[in-house]
2 protein chains.
Amino acid sequence: MAEPAEPGRAPLRRDAELNRRRLLAAAREVFRDRGLAATLDDVARHAGLGVGTAYRHFANKEELVDAVFEDMIDRVEACAREAVADPDPWHGLAASLEKVCELQAHDRGLREVMLGTGKAAQRRALVDRRIKPLVDPLIDRAKEQGALRADVEPLDLPMIQLMVGAVTDQTGEPDLWRRYLRILLDGMRTRPDGTEPLPPGPKSHPL
Amino acid sequence: MAEPAEPGRAPLRRDAELNRRRLLAAAREVFRDRGLAATLDDVARHAGLGVGTAYRHFANKEELVDAVFEDMIDRVEACAREAVADPDPWHGLAASLEKVCELQAHDRGLREVMLGTGKAAQRRALVDRRIKPLVDPLIDRAKEQGALRADVEPLDLPMIQLMVGAVTDQTGEPDLWRRYLRILLDGMRTRPDGTEPLPPGPKSHPL
DNA sequence: TGGCAAACGGAGATGCTATCTCCGCTTCTC
DNA sequence: GAGAAGCGGAGATAGCATCTCCGTTTGCCA
């Protein structure tokens with residue numbers, strides 16, 4: 001009567017269902033450590049299964065990436081919500097960026113989804129649609145508070161992520177990003193001594 | 001008697017010498033526009049020559065990249081020297097970064113050499129060895145001047161370039177980098193209201 | 001428990017792309 | 001004008017990722 005697996009799919013044999021989960025778990029690890037360029041063969045081996053099995057469950061790699069990516073969206077959104085709840089807008093904004101950057105720093109696959117081109121860009125757009133409504137008001141509040149310089153725009157935030165992600169990608173140092181995020185945050189705070197206005201921001205969506 | 005071409009190489013037939021130059025010029029353009037991933041075949045076609053000719057002049061792509069890269073070093077160093085001559089240390093430092101970032105922004109091949117891994121990293125190290133002695137004193141002077149925050153380190157500069165390069169790479173917008181370089185520079189200036197100290201910098205050379 | 005459908009495994013077919021070679025033909029040079 | 005130097009570009013070679021096929025194993029239910 002009950003459906004142990006997702007609905008809309010004919011129920012799998014017990015071993016098949018187990019293997020499906022194994023594949024998803026393996027994919028999460030492999031994508032996290034080696035990025036989206038990993039092959040389905042890699043994932044299958046890491047799950048202790050044959051390639052054929054992988055291809056029975058997922059028609060191709062994209063499908064598997066999509067499946068894994070569901071998780072990522074939730075984790076990213078959770079970060080944003082948590083940070084948005086902060087009563088101090090500036091602190092909330094900074095914390096929000098820090099959270100997301102931290103997620104990215106530990107997960108190469110996530111970085112590639114958040115910063116990449118092609119399919120990755122479409123996925124990233126999906127996150128944006130869920131995150132933007134949460135974070136945009138935070139930006140306004142931080143400006144009213146006088147902490148965030150007035151010429152910062154919402155689209156600057158993904159660019160910050162991009163830059164910070166590049167640091168981790170290139171160096172492999174797991175915590176170095178914190179230093180440069182701090183510099184960027186300090187650069188976005190209003191200064192008592194004023195600043196020249198920022199050069200123009202992204203024309204449309206930057207990624 | 002005179003050697004019209006570089007010394008140390010048996011003189012080439014006139015047409016061969018011309019083709020060699022054509023190849024170098026084509027390589028500069030192709031690498032600039034399409035990055036180092038372009039093939040020797042691409043370069044040859046762009047030069048209006050056959051692949052065979054390309055391989056007679058350069059044993060492989062690496063050799064060609066090295067040849068083209070000589071130019072790049074000189075241009076980058078020229079930037080640095082020009083900016084170092086600035087009497088105002090902070091302004092000189094900022095201008096120096098801006099110059100290099102501008103070069104990078106117009107040249108995908110240069111970006112890949114400056115920011116890439118593998119062979120590219122070794123080449124980039126070569127630039128560093130020539131640039132660092134010029135720029136390091138500038139950092140010290142800018143700190144003494146009180147404009148640059150004291151916890152900035154020399155190795156932060158290549159990281160800035162990295163981040164700024166990532167902006168251009170991802171967006172393709174040719175001037176967007178200016179905005180984020182400005183934010184980074186503002187983040188590196190000392191603030192009248194003080195700042196928390198920066199998280200630790202790169203352990204060794206970051207790239 | 002027997003038997004059959006479902007699922008598995010993994011070698012290898014397929015397709016793609018980049019690197020580099022080879023040799024008949026062309027162009028310079030003396 | 002003859003011999004050497006250089007050219008062109010088809011195609012050999014190699015590497016790699018995707019996905020298929022089918023003989024074998026496993027779970028399921030009567």
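Computed over heavy atoms, backbone and side chain alike; hydrogens, waters and symmetry mates excluded. Chain naming here is simple, since letters A, B, ... match the order of the sequence lines and numbering starts at 1 in each.
Ion pair A:R108/A:D33 not flagged as a salt bridge, since none of the NZ, NE, NH1 or NH2 atoms sits closer than 4.0 Å to an Asp/Glu carboxylate oxygen. With salt bridges taken as basic N to acidic carboxylate O contacts below 4.0 Å, one links B:D128 and B:R124. Ionic pairing of A:D169 and A:R111 is present here: one or more N-O contacts between side-chain nitrogen and carboxylate oxygen are shorter than 4.0 angstrom.
Side-chain N/O atoms of B:Y180 and A:D156 include a donor and acceptor closer than 3.5 Å.
Judged by distance alone, with hydrogens and angles left aside, the side-chain atoms of B:E63 form a donor-acceptor pair with the main-chain N or O of B:A59 at under 3.5 Å. Proximity of a side-chain donor or acceptor of B:T171 to a complementary backbone N or O of B:V167 within less than 3.5 Å is detected. Side-chain atoms of B:R179 come within 3.5 Å of backbone N or O of A:P199 as a donor-acceptor pair.
Residue B:R45 contributes atom CZ, which lies 13 Å from atom P of C:dT17 at whole-angstrom precision. Rounded to whole Å, the distance from CZ on B:R20 to P on D:dA5 is 17 Å. For A:R22 and C:dA7, the CZ to C1' distance is 13 Å, given to the nearest whole Å. Rounded to whole angstrom, the span from the CG atom of B:L23 across to the P atom of D:dC7 amounts to 9 Å. In this structure, the CG atom of A:L64 is 11 Å from the P atom of D:dT18, given to the nearest Å. In this structure, CD of B:E17 is placed 11 Å from P of D:dC7, rounded to the nearest angstrom. Here D:dG9 presents its C1' atom at 15 Å from CG of B:D42, a figure rounded to the nearest Å. In this structure, the CZ atom of A:F58 is 11 Å from the P atom of C:dC8, given to the nearest Å.
Residue B:L49 places its side chain closer to D:dG8 than to any other of C:dA11, C:dT19, D:dG8. Minimum atom distance to the side chain of B:R56 is reached by D:dG6, of the listed C:dC20, D:dC19, D:dG6. Minimum atom distance to the side chain of A:A16 is reached by C:dC8, of the listed C:dC8, D:dC19, D:dC7. Each of D:dC19, D:dA17, C:dT21 was ranked by its minimum atom distance to the side chain of B:Y55; first place goes to C:dT21.
Across all non-hydrogen atoms, the minimal contact from A:L36 to A:E112 is N-OE1, 2.7 Å.
For the pair B:K61 and C:dA18, the criterion of a side-chain N or O lying under 4.0 Å from OP1 or OP2 is not met. Between B:H57 and D:dC7 there is a side-chain polar atom (N or O) within less than 4.0 angstrom of OP1 or OP2. The side chain of A:T53 contributes no N or O atom lying less than 4.0 Å from OP1 or OP2 of C:dA7. For A:N19 and C:dA7, the shortest distance from a side-chain N or O to OP1 or OP2 is not below 4.0 Å.
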task = Give the B/S/- string for nucleotides 25-30 of chain D, one per nucleotide from 5' to 3', where a protein heavy atom under 4.0 Å of the base yields B, of only the sugar-phosphate yields S, and otherwise -.
result = -BSS--
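Mapped onto DNA chain C by nearest heavy atom, A:G52 and B:D41 fall at different nucleotides, with A:G52 at the one closer to the 5' end. Nearest-nucleotide positions on DNA chain D place B:G50 closer to the 5' end than the other of B:G50 and A:A37.
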